[in-house]
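Step one of this worksheet: look at the structure below.
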Amino acid sequence: MKKYFFILLLLLCSSVLNAQNLKLIPYPSNVKMAGSRLAMARGSGFYTDNPRFKYAVNYLNEEIGSPHKTAARKQKITIAITPGLSKPGAYRLSTVGKVISIKSSDSAGVFNGVITLLQLYQSAKKEGANTMLPGLIINDEPRYQWRGFMLDESRHFFGKEVVKQLLNWMAFYKLNRFHWHLTDAQGWRLAIEKYPLLATVGGIGNFTDSTAQARYYTQNDIREIVKYAKRRNIEIVPEIDMPGHATGATHAYPELSGGTTPRYENFTFNPAKEGTYQFMGNVLKEVKALFPDGRIHIGGDEVALGIKAWESNPDVQKLMTDKGFTDYQQAEFYFLKRIADTVQKLNYKVMCWDETVAAGLPTSNVIIDWWRQNKPEVLTEAINKGYNIILCPRLPLYLDFVQDSTHRSGRKWGGLFNTYLDIYHFPENSLADSICKKTNIIGIQANLWTETVSSKKRLDYLLFPRLAAAAEAGWCASSAKNDDMFNQRLKAHLLYYKKAGIYYYDPFNPKEHEEAIDQQPKQEVKD
Ligand code: TNX
């Protein structure tokens, strides 16, 4: 008898929910457990009376695999926009009592509340039984407004279905900005109607095989993906990289080239030809029409790799004399200013890599991606000049870096690499508190360059679970971070990956899948 009583007590204790059992990533700012549970009948879905947010609840139902349930089998969610929640994207979720409620000051916050509910449901769900949602009240808000992920599809092209899958996972982790690197030396991946050869010729090849058949997105593909992202509260920023990394385009239209150096063939656009600006103006007009979210990334990185060619380019020589430029960087900045001006005239914001901090672009309309962790002075300069800034330093936010000391392929920086915990503890593990708190630092972003990523398997392996760590880094205050608790939650998420057929890296069993992803790229990868 005594024994049974003891077992019963144990069972009771283990079933009492505490906040630590919640497998939420990113973890909410504030959770109060009510001690109750809300039962959802087997197979039931959710509904709301608020017509404005039916789309969000429909999304939830689709994700839980319960899109078409009868009213009798649905769990009501009341959704209200209530002014006064402190930050954009903040929300309050209650599952206490019989009705679930989500309150927020904006639709991004409603979506974030829905995603938290989705994660609660996924972790409570039991096959063939009622789902017992934990009764709780969550008050939650993001640390950073910009929680981004960048994918390079020039070096290797992955295509629509892979991108959609990534957008799904981004939504699941409340990542809300997708930076899409669509053009580079190894391929131009976006159809432009006025210049069809950009895609059909510029899209030929990739980092592993320069003769591979052209791969690119049609304009209809883009519209479909933009819509798909919008439904998931994700803005897309397309990147058209210039004036360097232009070989995809100059391959298709050689007259745009600024010349060749021994190592980099036709790497830049010609900054001295009016034709270049007309071409770019037309391209950017089509890009704006395709991407409605108000920002275009114009690259601006690593022009130095190809700038030597300008010394023997007669057009550039003439530009130098006409404008009285004394070094070639002035011609580079002249190009960037004209392009930034074109984007501004389209009423779009300009984004660019941190090489452009010295270019004198207007601070009010430009957002800088700080990527060179070895140049903290450039970050300071960008802050002092008043630019809005996204932090995406190679260490620890580049996902093409290896993530375990035993991994052989992928990049390192002086022997250093990026573990999921390095990402989890960003930015406070890398930057002074005074910098992390600067209000012009609007967010963080994890970037995946794909020189060493030629298969979906390897893509998955590099992204999961580091995408989850990046999401938590962008959302949670540094004081809320705790390795043990994150690890516990992450273990539950590894099971989600497994179920979804994702070839993930398991930090708790690091040797497990290593061999299959360990392929070396054929070309040299620069640091
Ligand atoms: C530098 S990071 C680049 C990319 C490369 C990466 C790795 C950045 C803004 N530019 O074009 O993919 O190094 O080689």
Side-chain angles (χ1 to χ4, degrees), residues 148-158 177 179-189 202 205-208 210 237-250 261 263-269 296-307 332 336 339 350-359 361 366-376 378-379 382 387 389-403 409-414 416-418 444-454 458-459 462-463 470 520-527:
F149 166 63
M150 188 215 79
L151 178 66
D152 164 15
E153 283 210 89
S154 173
R155 274 55 179 267
H156 286 104
F157 184 85
F158 298 94
R177 301 286 188 272
H179 170 173
W180 207 357
H181 188 77
L182 284 166
T183 75
D184 210 300
Q186 286 74 15
W188 180 288
R189 307 295 181 200
N206 58 48
F207 200 87
T208 342
S210 61
V237 183
E239 181 182 350
I240 308 296
D241 204 348
M242 63 187 107
H245 291 274
T247 320
T250 55
T261 68
R263 273 192 78 187
Y264 295 94
E265 199 191 326
N266 296 314
F267 186 76
T268 64
F269 288 109
I296 296 176
H297 200 300
I298 61 168
D301 57 319
E302 299 187 315
V303 185
L305 297 176
I307 211 167
E332 173 186 340
L336 286 166
I339 298 294
V350 175
M351 297 199 62
C352 25
W353 299 106
D354 67 34
E355 286 89 335
T356 57
V357 170
L361 304 180
V366 172
I367 303 172
I368 301 287
D369 278 328
W370 180 66
W371 68 281
R372 293 177 299 172
Q373 86 294 338
N374 53 329
K375 295 201 181 296
V378 174
L379 175 59
Y387 284 110
I389 299 155
I390 313 294
L391 303 172
C392 54
R394 271 179 293 228
L395 293 172
L397 292 183
Y398 273 21
L399 302 180
D400 56 336
F401 277 55
V402 303
Q403 54 193 323
S409 95
R411 295 166 68 206
K412 289 187 179 171
W413 183 270
L416 299 174
F417 52 92
N418 297 333
I444 71 166
Q445 183 170 291
N447 293 343
L448 182 62
W449 300 102
T450 57
E451 288 97 329
T452 65
V453 191
S454 60
R458 181 157 162 77
L459 177 90
L462 293 175
L463 287 182
Q520 292 294 340
K522 292 199 185 100
Q523 294 176 46
E524 176 197 355
V525 182
K526 68 181 166 47
D527 246 347

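Quick caveat: nothing in here was measured; it's all calculated off a predicted structure. Whatever order the structure lists them in is the order used to number ligands and atoms, beginning at 1.
- In this structure, the separation between CZ on Phe157 and OG on Ser454 is 15.0 Å, given to the nearest 0.5 Å.
- Of the N or O atoms in Trp449, none lie within a sub-3.5 Å distance of an N or O in ligand 1.
- A side-chain donor from one of Glu355 and Trp371 sits under 3.5 Å from a side-chain acceptor of the other.
- Tested against Asp400 for a side chain to side chain contact (heavy atoms under 4.5 Å, CB included), the candidates Asn447, Thr450, Leu448, Asp152 yield a single pass: Leu448.
- Remark: ligand 1 atoms within the under-4.0 Å shell around heavy atoms of Tyr398 are 2 (S), 8 (C).
- Using a 4.0 Å cut-off to heavy atoms of Asp301, the atoms of ligand 1 that qualify are 3 (C), 8 (C), 9 (C), 10 (N), 11 (O).
- Of all the heavy atoms of Arg411, the ones lying under 4.0 Å from any atom of ligand 1 belong exclusively to the side chain.
- Contact analysis puts Arg155 in contact with ligand 1, with a non-hydrogen atom separation below 4.0 angstrom.
- Close approach to His245 involves these atoms of ligand 1, each under 4.0 Å from a residue heavy atom: 11 (O).
- Of the options Ile444, Ile389, Val357, a side chain to side chain contact (heavy atoms under 4.5 Å, CB included) to Trp370 is made by Ile389 and by none of the others.
- Looking at Trp353, Trp449, Phe149 one by one, the single match for ring-ring contact (aromatic ring centres under 6.0 Å, His included) with His179 turns out to be Trp353.
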